[in-house]
Amino acid sequence: MDCIFCEIAEKSSEAEIVFENDKFVAFLDINPVNYGHTLVIPKTHYDNFLTIPAEDLVAMTKLTQYLAGVVKRALKADGFNIISNNGNSAGQSVFHFHYHIIPRYENDFHMRPRTIEYKNTEIEIYREKIKEAVTKYEGILNG
Ligand code: AMP
Ligand code: ZN
């Protein structure tokens with residue numbers, strides 16, 4: 001399978017690696033939103049947030065928390081965004097799961113998707129649609 005992030009993990013493609021262990025690699029994004037924009041990937045290929053095994057996701061999230069603190073301190077950032085784009089429509093362009101760590105500075109730019117408004121009781125309909133699905137999932141979770 002042609003996957004640029006698998007190639008980076010295997011060292012058959014170059015990247016500016018800032019951290020690596022047996023399971024994960026973190027490297028600089030070549031099209032950064034800000035200087036030091038970092039990507040964290042599992043070495044094993046999983047398409048997205050939903051397909052990575054939960055245990056690996058937890059380990060990767062812990063690592064991302066650590067690296068976000070490192071990036072913030074090292075670059076004297078005021079804050080950071082942790083982003084995961086999932087699916088074409090969400091802007092995912094590399095289909096190997098990754099977290100973005102984007103260092104942010106006061107008034108650097110705005111990065112909020114547009115917002116829409118719920119009309120009348122529409123918000124309740126959406127609450128119910130999701131809540132119902134959560135209840136079903138809890139059943140699965142509890143075995
Ligand atoms: P996403 O659009 O959320 O899938 O993010 C993929 C990111 O990977 C983009 O921000 C790209 O700039 C970045 N990217 C793609 N190829 C490389 C590469 N060879 N080295 C580093 N970053 C890359
Ligand atoms: Zn891959």
Side-chain angles (χ1 to χ4, degrees), residues 1-119 122-141 143:
M1 185 205 319
D2 267 358
C3 172
I4 182 64
F5 287 0
C6 281
E7 289 176 13
I8 288 171
E10 289 161 5
K11 307 289 165 52
S12 57
S13 281
E14 287 191 9
E16 300 300 334
I17 293 176
V18 296
F19 173 89
E20 179 171 12
N21 67 9
D22 55 331
K23 288 197 151 187
F24 305 105
V25 191
F27 53 94
L28 299 186
D29 194 306
I30 40 163
N31 278 307
V33 169
N34 261 342
Y35 296 113
H37 178 165
T38 298
L39 302 173
V40 185
I41 67 165
K43 285 188 172 175
T44 303
H45 183 99
Y46 303 109
D47 288 352
N48 60 46
F49 188 83
L50 293 179
T51 55
I52 182 170
E55 198 180 320
D56 293 345
L57 180 65
V58 169
M60 185 167 147
T61 304
K62 281 186 177 172
L63 171 62
T64 302
Q65 181 188 42
Y66 170 75
L67 291 175
V70 170
V71 168
K72 183 173 184 282
R73 280 193 302 280
L75 304 183
K76 297 183 169 46
D78 300 313
F80 54 87
N81 295 107
I82 302 295
I83 295 176
S84 163
N85 299 319
N86 291 272
N88 249 328
S89 60
Q92 186 174 10
S93 60
V94 177
F95 291 81
H96 178 130
F97 177 57
H98 53 282
Y99 281 130
H100 295 254
I101 302 172
I102 304 174
R104 298 298 304 273
Y105 300 87
E106 292 303 328
N107 304 314
D108 55 356
F109 61 93
H110 293 285
M111 194 163 64
R112 273 189 181 275
R114 61 110 173 81
T115 57
I116 53 170
E117 269 180 39
Y118 288 113
K119 289 185 189 68
E122 249 178 1
I123 195 165
E124 293 166 19
I125 294 166
Y126 283 90
R127 182 200 66 208
E128 277 312 307
K129 279 189 191 203
I130 295 170
K131 214 175 138 184
E132 205 178 293
V134 168
T135 308
K136 283 176 194 155
Y137 183 67
E138 275 174 354
I140 294 165
L141 256 190

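Just follow the structure's listing: the first ligand is 1, and inside any ligand the first atom is 1.
- Counting heavy atoms from C-beta on, the side chains of Leu50 and Asn86 never come closer than 4.5 Å.
- Of the protein's heavy atoms, Ser93 N, 2.7 Å lies nearest to atom 4 (O) of ligand 1.
- Remark: minimum distance from atom 23 (C) of ligand 1 to any protein heavy atom is reached at Ile30 CG1, 3.3 Å.
- When the N, O or S atoms of His45 are ranked by distance to the Zn ion (ligand 2), ND1 comes first.
- A salt bridge between Lys23 and Asp56 is present, with a side-chain N of the basic residue lying under 4.0 Å from a carboxylate O of the acidic one.
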Exercise for the section: Report the C-alpha distance between Asn85 and His100 in whole Å, list the side-chain angles of each, state the deciding distance to 0.1 Å, and finish with yes or no for side-chain contact (heavy atoms from CB on, under 4.5 Å). Expected result: CA-CA 9 Å; Asn85 299 319; His100 295 254; 3.8 Å; yes

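- Protein heavy atom at the shortest distance from atom 12 (O) of ligand 1 is Asp29 OD1, 2.5 Å.
- For His98, the closest heavy-atom approach to ligand 1 falls below 4.0 Å.
- Among heteroatoms of the N, O or S kind in His96, ND1 lies nearest the Zn ion (ligand 2).
- Here the Zn ion (ligand 2) is the vertex; the SG atom in Cys6 and the SG atom in Cys3 give an angle of 120° (to 10°).
- The closest approach between any non-hydrogen atom of Phe27 and ligand 1 is below 4.0 Å.
- For the pair Leu28 and ligand 1, a heavy-atom separation below 4.0 Å is found.
- A salt bridge links Glu20 with Lys11: at least one charged nitrogen is closer than 4.0 Å to a carboxylate oxygen.
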Exercise for the section: Would you check, one step at a time, whether the test side-chain contact (heavy atoms from CB on, under 4.5 Å) holds for Phe5 with Val25? Expected result: CA-CA 9 Å; Phe5 287 0; Val25 191; over 6 Å; no

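- Within a 6.0 Å sphere centred on OH of Tyr46, heavy atoms belonging to other residues, nucleotides or ligands number more than 12.
- Residue-ligand proximity: Glu14 is placed with every non-hydrogen atom at 4.0 Å or more from ligand 1.
- The closest approach between Gly91 and ligand 1 falls below 4.0 Å for a heavy atom of the residue.
- Heavy atoms of Phe5 found under 4.0 angstrom from ligand 1 belong exclusively to the side chain.
- When Ile4, Asn85, Leu39 are checked for heavy-atom proximity to atom 3 (O) of ligand 1, Asn85 turns out nearest.
- Although no hydrogens or angles enter the test, the distance criterion places a donor-acceptor pair under 3.5 Å between the side chain of Asp108 and the main chain of Tyr105.
- Distances shorter than 4.0 angstrom do not occur between any heavy atom of Ile83 and any atom of ligand 1.
- Counting only heavy atoms from C-beta outward, the side chains of Lys72 and Pro103 never approach each other to under 4.5 Å.
- Counting only N and O atoms by type, the side chains of Thr38 and Tyr99 include no donor and acceptor under 3.5 Å apart.
- Stacking of Arg127 on the aromatic ring of Tyr118 is not recorded, the 6.0 Å distance cut-off and the 45° axial limit not both being met.
- Contacts of Val94 with ligand 1, taken as heavy-atom pairs under 4.0 Å, involve both backbone and side chain.
- Between Ile8 and ligand 1, no pair of N/O atoms sits closer than 3.5 Å.
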